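Only one structure is covered here, and it is reproduced in the block below.
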Amino acid sequence: MNFVVFGAGSLGTLVGGLLAREHAVTLVARDPHATAVRESGLSVAGEFDFLVGADATTDGTDRRADCAIVTVKAFHTETAARELATGEFDAVLSLQNGMGNEDLLAAHLDCPVLAGTATYGAVLTEPGRVECTGIGEVVLGARDGGQSDPADRIGTAFSAAGIETTIADDMPRRLWEKLAVNAGINPTTALARVENGALRSGDAEEIAATAARETAAVARAEGVKLPDEDAVAAVRTVAEATAANTSSMRQDVEAGRRTEIDAINGYVVARGEKRDIDTPVNRTLAGLVKAWEQENGP
Ligand code: KPL
């Protein structure tokens, strides 16, 4: 199979590198990362240790592939969708944080758009080199739930490349569960400047768990069956599996970049308001990260 990865930051580069062991992969990335990959290959370190060949470009227009994987930040989905619309793909898979990305992509594209979640820990350490700081899993399927032939094909291709992959028929619930994980882990680790593993005990664990419980309450109000215990257990599992990881939001804060707070905790607060559900911990976390963005963000 051949893949194009749109938005080869930390996670996109890791997923692209793992897939390139078995499939033809093109990364759409920024320079100098794209040039380094094209000229010297992609080095995957940490939990893995290999160098693999992959194509890389800074131009996302007019691409063709069996599958385009979207890993851009949630606030760049619209731009990515417009670029994707100039190309040809059998299917597009979103592996992004936050909610609503798949609908936005589908509004611009003719091909099937699949939903996915990835819980791998990844850090881009230098151009052409990504470190895997926690082995997680990929879950993918039809964005509205149910069976999907493209999801089966892509899931099989991911598994063939050695990526732990589940093909799911309940993606709406899985997306809310991943939202609970991100709502608990991302702002907490970004504000406290700690690794994900620091959320396994103490008050920080309770803050993350409460953010996840609030997210589950909003999910249930939206008709998605996500018990509090499942949301909290998912946070614990990911904090454990990615204990040594610097979350994507902490990476953004440390690099002085805009964060995905609006698509994560901001989304929970907004949907909660619509459903008359109080989400004080999500509101506090979102407010603090927004305050940081206003002072320090781009
Ligand atoms: O999705 C992540 C992120 O950092 O954005 C997790 C899974 C929490 C890994 O850090």
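Each ligand, and each atom within it, is numbered from 1 in the order the structure gives. Fair warning: this is a prediction, and the values are worked out from it, not measured in the lab.
- Close N/O approach between Thr246 and ligand 1 is not found [any backbone or side-chain N/O within under 3.5 Å].
- The shortest N or O to N or O distance between Tyr120 and ligand 1 is not below 3.5 Å.
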If you apply the rule salt bridge (Lys or Arg N to Asp or Glu O under 4.0 Å), what do you find for Glu177 with Arg173, and how did you get there? CA-CA 6 Å; Glu177 187 176 286; Arg173 192 193 71 83; 3.0 Å; yes

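- Residue-ligand proximity: Lys178 is placed with a non-hydrogen atom under 4.0 Å from ligand 1.
- Annotation: Thr119 places no N or O atom under 3.5 Å from an N or O atom of ligand 1; distance criterion only.
- Atoms CG and CD1, on Leu95 and Ile69 in that order, are 6.0 Å from each other to the nearest 0.5 Å.
- The shortest N/O to N/O separation between Asn245 and ligand 1 falls below 3.5 Å.
- For ligand 1, the atoms sitting less than 4.0 Å from at least one non-hydrogen atom of Asn182 are 1 (O), 2 (C), 3 (C), 5 (O), 8 (C), numbered in the order shown with element in parentheses.
- Applying the 4.0 Å criterion to heavy atoms of Val238 picks out, from ligand 1, the atoms 7 (C).
- Between Arg174 and Asp170, at least one side-chain N (NZ, or NE/NH1/NH2) sits under 4.0 Å from a carboxylate O, which counts as a salt bridge.
- Heavy-atom contacts of Ser248 reach the following atoms of ligand 1: 3 (C), 4 (O), 5 (O) (cutoff under 4.0 Å).
- A salt bridge links Glu240 with Arg200: at least one charged nitrogen is closer than 4.0 Å to a carboxylate oxygen.
- Taking any N or O of Thr242, backbone or side chain, none lies under 3.5 Å from an N or O belonging to ligand 1.
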